[in-house]
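What follows is a set of notes on a single structure, which appears directly below.
Note that these values count all heavy atoms, side chains included, but never hydrogens, waters or copies made by symmetry. The model shown is predicted, which means the values in this text are computed figures rather than measured ones.
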Amino acid sequence: QVQQVESGGGSVQAGGSLRLSCTASGYAYGNCMGWFRQAPGKEREGVAAIRHDGDITYYADSVKGRFTISRDNAKDTLYLQMNSLKPEDSAMYYCASGAWRACRSGARADFGYWGQGTQVTVSS
């Protein structure tokens, strides 16, 4: 079956760190992998994306210098290391996969597979 499962979310104090993981199976682990997040009442936004060859195509301006995206192709696993967390980082985080086009466009519609999401809550 095609599946992506995120883990590593939780509740932390501002300034803390979390590491999110997404393990894919079937065809879910794609040439382009990305992390998105969505807070209540807000649109889902792209956080970071990485190609199969390890090239990082983007980081959202709000997370640059604090978050690091990486992937281990041998394990079909995507990671997001989040440091210096802020309350505004609180959201449901989703991993997504798609073809090369997804990393070029960054558009949600170009990511064909999505995980169930993992909640990140950062308190002041």
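- Gln119 places a side-chain N or O within 3.5 Å of a backbone atom of Ala91 that can act as its donor or acceptor partner.
- For Arg51 against Thr57, the heavy-atom pair with the smallest separation is CG-CG2, 3.6 Å.
- In Glu88, the CD atom is crowded: over 12 heavy atoms of neighbouring residues, nucleotides or ligands sit closer than 6.0 Å.
- A donor-acceptor pair under 3.5 Å links the side-chain atoms of Glu6 to the main chain of Cys95, judged by distance alone.
- For the residue pair Met33 and Ile69, the shortest heavy atom distance occurs at O-CD1, 4.1 Å.
- What you find for Gln81 and Ser17 is that their closest heavy atoms are NE2-CB, 4.1 Å.
- Taking the six-membered ring for Trp and thresholds of 30 and 60 degrees, His52 and Trp100 have ring planes more than 60 degrees apart, a perpendicular arrangement.
- Side-chain atoms of Ser90 come within 3.5 Å of backbone N or O of Val122 as a donor-acceptor pair.
- Contact annotation: the side chain of Ser62 approaches that of Arg37 to within less than 4.5 Å [non-hydrogen atoms, C-beta and beyond].
- Residues Val12 and Met82 are not in side-chain contact: their nearest non-hydrogen atoms beyond the backbone lie 4.5 Å or more apart.
- Salt bridge annotation for Asp89-Lys86: absent, with no cationic side-chain nitrogen under 4.0 angstrom from a carboxylate oxygen.
- Listed here is the closest heavy atom pair of Cys22 and Gln4: SG-CB, 3.9 Å.
- The two residues Phe36 and Arg44 come nearest to each other via the heavy atoms CB-CG, 3.8 Å.
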